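Have a look at the structure below before the remarks.
Since this is a predicted model, take the numbers as computed values, not measurements.
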Amino acid sequence: MASDQVTLLDFWPSPFGMRVRLALAEKGVKYEYSEEDLRKKSALLLQMNPVNKQIPVLVHNGKPVCESLIIVQYIDEAWKDSAPLLPSDPYQRAQARFWADFVDKKIYDLGRKIWTKKGEEQEAAKKDFIDSLKLMEGELGDKPYFGGETIGYVDIALVPFYSWFYAYETIGNFNIEAECPKMIAYCKRCLQKETVSKALEDPQKVYDFVLILMKQFGIE
């Protein structure tokens, strides 16, 4: 696919965009990066994702693919000759999809509540967030990655949120490593890979961005 035209419409702090960047890096796919201003969405974004009008969008030879986990699956199938991201076994593949979905339903939603809610709601979100990470620690077991010996679909779904952990901890006044040392050790192990370290954004920059969002939303 040497003649492929690949463009990623993205927004730098998005963990969903980081997923796609990481998947493309793992596959060694060269692409054009197009940064979007989500307050003033480009005509291209509205054309390529008219339904949700959201990033990330992968445009492959003029055809758009939307929603980060669907994009990662597409990347795995479109560039299937290198670094498989999903297991070949149907049951293992189903399990990987289950845990990636768990990340979306728990890690993302609860993380957002930590910085958008206060008081009892925030405390409940923090507890559920830690409980969810502990469940994922159990699923990781003694493996270096969720994908086994190599980074796979669940790793790509989860590890971008590490860029947001510092913001969650600082705003929520709690320590993830104290509760989930295995999870933090896993994230740091992933970051030793160049594909991961280049795809993920600096946690301090993400925290500064979240503070701007809080101000915009009137959250004190």
Side-chain angles (χ1 to χ4, degrees), residues 10-22 38 54-56 68-69 72 95-96 98-147 151-193 196-220:
D10 200 358
F11 180 49
W12 70 268
S14 168
F16 305 107
M18 291 181 220
R19 286 173 172 175
V20 180
R21 286 174 246 164
L22 178 51
L38 299 187
Q54 293 175 338
I55 55 93
S68 66
L69 291 178
V72 173
Q95 290 298 104
F98 170 85
W99 285 107
D101 184 62
F102 181 87
V103 172
D104 274 2
K105 289 177 176 168
K106 291 289 187 178
I107 307 304
Y108 170 68
D109 283 350
L110 292 169
R112 184 176 174 81
K113 284 180 181 174
I114 289 168
W115 66 267
T116 57
K117 303 296 182 184
K118 294 292 178 188
E120 289 182 8
E121 280 187 286
Q122 187 189 60
E123 289 303 313
K126 282 156 54 175
K127 181 184 181 302
D128 288 350
F129 183 81
I130 292 296
D131 288 347
S132 298
L133 287 182
K134 285 180 176 176
L135 282 172
M136 296 211 72
E137 285 184 325
E139 173 61 17
L140 179 64
D142 295 324
K143 303 187 297 289
Y145 307 107
F146 286 93
I151 279 186
Y153 184 64
V154 180
D155 303 292
I156 288 171
L158 174 63
V159 81
F161 286 94
Y162 181 70
S163 292
W164 284 71
F165 280 8
Y166 175 69
Y168 300 157
E169 289 177 309
T170 308
I171 293 162
N173 193 28
F174 70 119
N175 187 302
I176 295 171
E177 188 167 23
E179 300 279 351
C180 303
K182 190 173 175 181
M183 176 58 64
I184 298 304
Y186 154 79
C187 290
K188 289 178 178 176
R189 186 162 57 249
C190 289
L191 275 169
Q192 291 172 1
K193 285 181 63 74
V196 178
S197 63
K198 284 189 172 180
L200 267 57
E201 293 290 342
D202 174 43
Q204 180 66 51
K205 277 180 64 182
V206 172
Y207 170 63
D208 293 342
F209 167 73
V210 174
L211 291 182
I212 293 168
L213 280 184
M214 292 175 71
K215 196 171 182 180
Q216 288 175 352
F217 293 161
I219 303 166
E220 296 298 334

Next on the checklist: Would Arg19 and Leu69 count as a side-chain contact (heavy atoms from CB on, under 4.5 Å) here? Give the steps.
Outcome noted: CA-CA 8 Å; Arg19 286 173 172 175; Leu69 291 178; 3.5 Å; yes
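- By the 4.5 Å heavy-atom criterion applied to side chains, Trp12 and Lys205 are counted as neighbours.
- A salt bridge is defined here as a Lys NZ or Arg NE, NH1 or NH2 lying under 4.0 Å from an Asp or Glu carboxylate O, and Asp155 with Lys193 fails to meet this definition.
- A salt bridge is defined here as a Lys NZ or Arg NE, NH1 or NH2 lying under 4.0 Å from an Asp or Glu carboxylate O, and Asp131 with Lys127 meets this definition.
- At most 12 heavy atoms of other shown residues, nucleotides or ligands fall within 6.0 angstrom of atom NZ in Lys105.
- Crowding of Lys118 atom NZ: a count of heavy atoms from other residues, nucleotides or ligands under 6.0 Å exceeding 12.
- A side-chain donor-acceptor contact under 3.5 Å links Lys143 to the backbone of Leu140.
- With Glu139 contributing its side chain and Phe146 its backbone, the two residues share no donor-acceptor pair below 3.5 Å.
- Taking CH2 from Trp99 and CE from Met136, the interatomic distance works out to 6.0 Å, rounded to the nearest 0.5 Å.
- Counted within 6.0 Å of CD on Gln216, heavy atoms from surrounding residues, nucleotides or ligands total more than 12; the atom is thus considered enclosed.
- Contact annotation: the side chain of Tyr162 never approaches that of Met183 to less than 4.5 Å [non-hydrogen atoms, C-beta and beyond].
- Closest non-hydrogen pair, Lys113 versus Ala125, comes out as CB-CB, 3.7 Å.
- Side-chain atoms of Ser163 come within 3.5 Å of backbone N or O of Glu201 as a donor-acceptor pair.
- The residues Glu123 and Lys126 are annotated as salt-bridged, a charged nitrogen and a carboxylate oxygen being separated by less than 4.0 angstrom.
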Next on the checklist: Please evaluate residues Leu110 and Tyr168 with respect to the criterion side-chain contact (heavy atoms from CB on, under 4.5 Å), reporting the C-alpha separation (whole Å), side-chain torsions for both, the decisive distance (0.1 Å), and the verdict.
Outcome noted: CA-CA 10 Å; Leu110 292 169; Tyr168 300 157; over 6 Å; no
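- In plain terms, the two heavy atoms of Gly17 and Asp10 that are nearest each other are CA-OD1, 3.2 Å.
- When ring centroids are compared, Trp164 and Phe161 stay outside the 6.0 Å threshold.
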Item to check | Worked check of side-chain contact (heavy atoms from CB on, under 4.5 Å) between Leu22 and Met18 | outcome: CA-CA 6 Å; Leu22 178 51; Met18 291 181 220; over 6 Å; no
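- Between the side chains of Glu179 and Asn175, no donor-acceptor pair is found at a separation under 3.5 Å.
- Residues Val154 and Gln95 are not in side-chain contact: their nearest non-hydrogen atoms beyond the backbone lie 4.5 Å or more apart.
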Item to check | Candidate pair Tyr108 and Phe16, rule ring pair (Phe, Tyr, Trp, His ring centres under 6.0 Å), full reasoning | outcome: CA-CA 10 Å; Tyr108 170 68; Phe16 305 107; 5.0 Å; yes
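- Atom NZ of Lys182 sits in a crowded spot, with more than 12 heavy atoms from other residues, nucleotides or ligands closer than 6.0 Å.
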